[in-house]
Protein chains: 2
Amino acid sequence: MTTMANEGLTIAEAADRTGLTTHTLRYYERDGLMLAEVGRTSAGHRVYTERDLTWLVMLTRLRATGMPIREISAYAALCRARDGNEDERLALLRAHRRRVLDQLAEVTDHLGAIDNKIGLYESRTSTSPR
Amino acid sequence: MTTMANEGLTIAEAADRTGLTTHTLRYYERDGLMLAEVGRTSAGHRVYTERDLTWLVMLTRLRATGMPIREISAYAALCRARDGNEDERLALLRAHRRRVLDQLAEVTDHLGAIDNKIGLYESRTSTSPR
DNA sequence: CGTTGACTTCGACCGGGCTCGAAGGACGAG
DNA sequence: CTCGTCCTTCGAGCCCGGTCGAAGTCAACG
């Protein structure tokens with residue numbers, strides 16, 4: 001099974017392209033993380049569109065920056081409710097952005113301290129820096 | 001019970017000063033994360049020294065930058081084995097440093113994409129930026 | 001002395017985020 | 001046909017990093 005029709009990928013292809021596993025894709029869908037219902041073939045097999053893929057990339061970014069599944073689910077629900085809730089979505093994203101920035105700053109700070117420690121070891125042993 | 005003797009804190013004081021819970025402190029100790037055996041009073045109560053506190057701060061930094069418990073345990077073990085294993089410790093820290101840097105870069109990248117998304121919403125709704 | 005209260009150990013449990021396996025259905029290749 | 005592959009659902013299991021509670025001990029205060 002290569003492509004199906006053209007536009008419309010199998011779950012395996014979607015997994016390939018997103019770097020997620022088929023198990024994870026099904027899990028995300030179950031948990032209401034998809035923006036829109038994932039299509040099915042007559043046989044009941046999932047069909048992913050490019051739109052789905054695009055969302056999965058965004059979803060992956062949100063996950064990779066630490067947004068909890070619950071919150072992504074909430075965001076997806078807002079998007080699904082085609083309403084004038086854009087400000088809510090925006091607020092959600094902005095709150096996330098803030099948290100990520102804070103966390104970046106914190107990690108950077110900790111990293112500095114770790115670097116100091118590394119510096120101490122370097123100055124005490126024969127191991128040359130870098 | 002306030003201070004005990006002077007220098008030498010109870011677990012509750014150590015918890016206060018590190019921001020960890022007493023449960024977590026005991027858990028860390030059980031898991032071999034401490035640099036040196038934590039002292040005990042005659043009654044069997046833990047006594048934390050300033051040295052312990054200093055290490056707990058470092059430990060917290062390692063955790064906050066994502067070093068797994070296992071690896072911290074390995075590092076602590078190296079430190080406990082008073083040997084010429086400084087190069088191993090250094091290697092461990094440098095590997096961690098690398099991972100943290102990579103992760104910072106990745107998160108920053110994802111954040112950029114999220115910012116773009118935010119920008120789109122901002123340009124589409126009445127909500128003012130900032 | 002008795003009561004308080006902070007401590008001890010031990011082992012069970014929790015929440016998040018997957019990860020996996022069993023059982024069964026479709027379909028194309030040979 | 002039959003085989004093999006890929007899919008389906010469902011529910012259980014796993015790893016991590018704590019988190020909690022029960023039951024017991026000890027020192028100090030009144």
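Per chain, numbering begins at 1; letters A, B, ... match sequence-line order.
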- Query: Starting at CG of B:L9 and ending at C1' of C:dC7, how long is that distance when rounded to a whole Å?
  - Reply: 15 Å
- For A:R70, which contact category applies under a 4.0 Å heavy-atom criterion: base, sugar-phosphate, or nothing? sugar-phosphate
- Checking B:R80 side chain against B:M34 main chain: does a donor-acceptor pair fall under 3.5 Å? yes
- Message: How many whole angstroms separate atom CD of A:E71 from atom P of C:dG15?
- Response: 18 Å
- Side chain of A:H23 - closest among D:dT9, C:dC18, C:dG21: C:dG21
- Message: Need one value for B:R63: base, sugar-phosphate or nothing, where a base atom within 4.0 Å counts as base even if backbone is also close, heavy atoms only.
- Response: sugar-phosphate
- Separation between CD1 of A:I11 and CZ of A:R46, rounded to the nearest 0.5 Å: 5.0 Å
- Could you please name the option among C:dC7, D:dT9, D:dG17 that lies closest to any side-chain atom of B:A12? C:dC7
- Task: Return the value, rounded to whole Å, for the distance between atom CG of A:D16 and atom P of D:dC7.
- Result: 10 Å
- Without hydrogens or angle criteria, can the side chains of B:T65 and B:H96 be said to hold a donor-acceptor pair below 3.5 Å? yes
- Note on the structure: When A:L62, A:I69, A:L56, A:L25 are each screened for side chain to side chain contact (heavy atoms under 4.5 Å, CB included) with A:L33, the one that passes is A:I69
- Message: I want to verify a distance call: between D:dA27, D:dG18, C:dT8, whose nearest atom is closest to the B:H45 side chain?
- Response: C:dT8
- Starting from the 5' end of DNA chain C, give me the residue, A:T24 or A:S42, whose nearest nucleotide shows up first. A:T24
- Item | Closest nucleotide among D:dT19, D:dA27, C:dG17 to the B:T21 side chain | D:dT19
- Query: So, are B:R40 and B:E29 salt-bridged, with charged N and O less than 4.0 Å apart?
  - Reply: yes
- Calculate the interatomic distance between A:L20 atom CG and C:dG17 atom P; express it in whole Å. 14 Å
- Of the nucleotides D:dC7, C:dC18, D:dT9, which has the atom closest to the A:I69 side chain? C:dC18
- Query: When you check the phosphate oxygens OP1 and OP2 of C:dC20, does a side-chain N or O of A:Y27 lie under 4.0 Å from one of them?
  - Reply: no
- Which part of the nucleic acid, if any, lies within contact of B:R30, taking any heavy atom under 4.0 Å across all strands shown: a base, the sugar-phosphate backbone alone, or nothing? base
- Think A:R40 has a side-chain N or O under 4.0 angstrom from the OP1 or OP2 of C:dG25? no
- Query: Does A:R46 put a side-chain nitrogen or oxygen below 4.0 Å from OP1 or OP2 of D:dT9?
  - Reply: yes
